[in-house]
There are 2 protein chains.
Amino acid sequence: MKTDTVFKRAYNDALGFIAGLPEGEILPSENALGRRLGVSRTTARKVVLALVAHGVISQGSERKILRRPDVIEERFPESETVPMSAQVERQFMDWLLRDDPRPGTTINERELARRFGVATTGIREFLNRFQRFGLIDKRPNAGWVFRGFTTSFALELFEVREMYEVRSAIAFAALPENSPLWRDVEALRREHEELLGHVAERYREFSDLDSRFHLLINSAAPNRFIDSFYDLITLIFHYHYKWNKRDERQRNEVAIKEHLTYMDALRSRNRGIIELACRAHLTSARESFMRSTQFRGETAAGRPKAERAAKQIP
Amino acid sequence: MKTDTVFKRAYNDALGFIAGLPEGEILPSENALGRRLGVSRTTARKVVLALVAHGVISQGSERKILRRPDVIEERFPESETVPMSAQVERQFMDWLLRDDPRPGTTINERELARRFGVATTGIREFLNRFQRFGLIDKRPNAGWVFRGFTTSFALELFEVREMYEVRSAIAFAALPENSPLWRDVEALRREHEELLGHVAERYREFSDLDSRFHLLINSAAPNRFIDSFYDLITLIFHYHYKWNKRDERQRNEVAIKEHLTYMDALRSRNRGIIELACRAHLTSARESFMRSTQFRGETAAGRPKAERAAKQIP
DNA sequence: TATTTGCCTCTTATCGACAAAAACCAACTT
DNA sequence: AAGTTGGTTTTTGTCGATAAGAGGCAAATA
């Protein structure tokens, strides 16, 4: 059966929303509430019912807020508010990182299902969606193979990334003076400078900034295929940052400076300069990426134990 | 339960294989047979059992071919040899073409399941895989929306295609003299010339040639992301050719000539010339593609009935 | 010793069931 | 008339079951 994560998340959100309201206030209509919580009226109604049952709002058609903070803190645990599919993704990535299977390892739907505590259907669905990221292959009637975080995976990924980004950067430069994106660049530049000033303590915040920066460049000329490729970039980097902490501060500092140069180049509107800065940054990003992780050769041959251990999550 | 399409296809193939063998010959081992049919020994064994039951080969451990042509013609119907997933794809594309839903139309898993005669799971799985082609979007808990064969779909598709192909063509020119791919180009060139000579009757064969040509260019520098994008190109063009017959002969003739010029350019090894020929061909292909089909604007607004009818399968 | 075959186990493909969530409808309120 | 609510219908998300197919082991054969 369906899980009720939607309801639980909505309920939690509703509590947060109510906490910010004065006591005695009348609750908004079911429709309005649903809109605010991002759910259908059916679910909003269920939330209202639960709120009444918990004594957070008054019974009857009145629906006044009673505000019982002690109860208000009784939320559903985080883990019950995230839909199964999202949980599978997380568990799968964690499994990938932790177990560190070598290229060519076959992936067993049934075993993953057991391990993750879900039905095989859920795993299947995830793998089917995940397939587009080029890390796994399907062999009909015989499961999936993990292609591995190989050198060629990284190279192919960055090759396409560079093609896309150079194209977007050049398109960006061609934006009209009054495009709101120019203001976004300036705002982002300030954030970069700010972060650079406190890089020693706050270098971890770069990951988010990085993602926003490249997404901004990309938004100059939207293309669904390019956008969807960024899902992959985001995913990989998200987990990459999580699992690899070596030289993180230094790597990030270098990248921040490159971003600044890159933004200067954009300002210049000069195509040649932009392309140069863009490629320089991406090349550097690729090398730091590959240096920081133990990418493997293509063969399924083993490698020393020590090397394996280096990739474990700290 | 699983369908037995694998077995049925294997059985049909086995009959074809046996038909080419002299009477009285001994059937190869189960392992060898399985390998030849592209199936596990378990299935090969099942095939052998069925062959015996139908009197095509002798009973016992002998397994001599009895060759009863009348029985040999009793194959399983085509439709029972194609796995459900493939059938869903075909039916979905046909539905897309025939019903011609407008952009923004919601897709109903349950209804498709009913219509296609499969369980919803099958539809879900297909839609999840199909999602990467950028034609549908998922709205959690509320089904899918068809984004439509819009102008922007075509433009975005061709933009990426051009980026990829120019990159591959240039990589192609850099191949060493002795690369076997050069021989493939020459062979393909001869096929083009041959086809051009009989274009009036055989213009339909171009579709296949086109696909092979671009795949060849692409194979100069393999990249999994680019390769996977070609799946989309192939799919779209496959169905495009099926549903759009307007000016087909003329369009194909033009394209053949462009391919020839393109191949000349490759021979020259000159980067500038190659890029020119490549872009010229792709631009022309894009325009012919867009002219030949009624691509719509982005809005969900209606359009005249006559225009709709033009897209029906003849 | 290397195949071939018989038997057995494990995995995948596909279905149907069912609760959660969305969508619809009609009576009701303001 | 526009919006709100109660009740009903439809659709999606998730599960478990089961036959088809893959793969492994060991006895038999060559």
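Basis for what follows: all heavy atoms, side chains included, without hydrogens, waters or symmetry-related copies. Residue numbering restarts at 1 for every chain, and letters A, B, ... go by the order of the sequence lines.
- Of all nucleotides listed (D/dA22, C/dT4, D/dC15), D/dA22 comes nearest to the side chain of B/Ser40.
- An OP1 or OP2 oxygen of C/dT12 is reached within less than 4.0 angstrom by no side-chain nitrogen or oxygen of A/Asn141.
- Note: CD1 (A/Ile57) to C1' (D/dT5) measures 14 Å, nearest angstrom.
- One atom, CD1 of A/Ile26, and another, P of C/dT30, lie 12 Å apart when rounded to the nearest Å.
- Following rounding to the nearest Å, A/Asn31 (CG) and C/dT29 (P) show an atom-to-atom distance of 18 Å.
- Applying the 4.0 Å criterion to OP1 and OP2 of C/dG6, one finds that B/Arg45 has a side-chain N or O inside that range.
- Among the nucleotides D/dC15, C/dG16, C/dA23, the one closest to the side chain of B/Ala142 is C/dA23.
- Listed for the B/Asp13 side chain is no donor-acceptor partner under 3.5 Å among the backbone atoms of B/Leu37.
- For the pair B/Val145 and B/Ile107, the minimum side-chain heavy-atom distance is 4.5 Å or more.
- In this model, the phosphate group of D/dG13 is approached by a side-chain N or O of B/Lys138 to a distance below 4.0 Å at OP1 or OP2.
- Proximity of B/Thr42 to the phosphate of D/dG21: no side-chain N or O atom is located under 4.0 Å from OP1 or OP2.
- For the residue pair A/Val39 and A/Ala44, the shortest heavy atom distance occurs at CG2-N, 3.9 Å.
- In this structure, the CD atom of B/Glu30 is 15 Å from the P atom of D/dG23, given to the nearest Å.
- Contact of B/Lys2 with C/dT14 (side chain to base): no donor-acceptor pair of N or O atoms is detected under 3.5 Å.
- Following rounding to the nearest Å, A/Trp144 (CH2) and C/dA13 (C1') show an atom-to-atom distance of 12 Å.
- Distances shown here put a side-chain N or O of B/Lys46 below 4.0 Å from the OP1 or OP2 atom of D/dG21.
- A 4.5 Å side-chain heavy-atom check between B/Ile123 and B/Leu127 finds at least one atom pair inside the cut-off.
- Comparing A/Val118 and B/Ile107 by the nucleotide of DNA chain D whose heavy atom lies nearest to each, the residue mapping closer to the 5' end is B/Ile107.
- When each of A/Glu109 and B/Ala32 is assigned the nucleotide of DNA chain C bearing its nearest heavy atom, the one mapping closer to the 5' terminus is B/Ala32.
- Put simply, CZ on A/Arg35 is 20 Å from P on C/dA21, counting in whole angstrom units.
- Using a 4.0 Å heavy-atom criterion, one finds that A/Ser29 contacts the sugar-phosphate atoms exclusively.
- The side-chain heavy atoms of A/Phe153 and B/Arg224, taken from C-beta on, include a pair separated by under 4.5 Å.
- A/Arg114 has its CZ atom 15 Å from the P atom of D/dC15, to the nearest Å.
- B/Asp4 comes within 4.0 angstrom of the backbone, heavy atoms only, and of no base.
- Between A/Phe126 and A/Glu89, the closest side-chain pair of non-hydrogen atoms falls below 4.5 Å.
- The shortest non-hydrogen separation linking A/Thr150 to A/Arg147 is CG2-O, 3.4 Å.
- Residue B/Arg124 has a polar side-chain atom (N or O) positioned under 4.0 Å from OP1 or OP2 of D/dG13.
- One can place CD of B/Gln87 at 13 Å from C1' of C/dT14, the figure rounded to the nearest angstrom.
- Using a 4.0 Å cut-off, some side-chain N or O of B/Arg63 falls inside it from OP1 or OP2 of C/dT5.
- In this structure, B/Thr120 reaches neither bases nor backbone, as no heavy-atom distance under 4.0 Å exists between it and the strands shown.
- Residue contacts shown for A/Gly122 are absent, as no nucleic acid heavy atom lies under 4.0 Å away.
- Among the protein residues, B/Leu33 comes within range of no part of the nucleic acid, since none of its heavy atoms lies under 4.0 Å from any strand.
- The side chain of B/Thr43 contributes an N or O atom lying less than 4.0 Å from OP1 or OP2 of D/dA22.
- For B/Arg41 and D/dG21, a side-chain-to-base donor-acceptor distance below 3.5 Å is absent, hydrogens and geometry of angles not being considered.
- With DNA chain D read from its 5' end, the first of the two nearest nucleotides for B/Arg110 and B/Phe7 is the one closest to B/Arg110.
- Relative to the side chain of B/Thr3, the nucleotides C/dT11, C/dT14, D/dT5 differ in distance, and C/dT14 lies closest.
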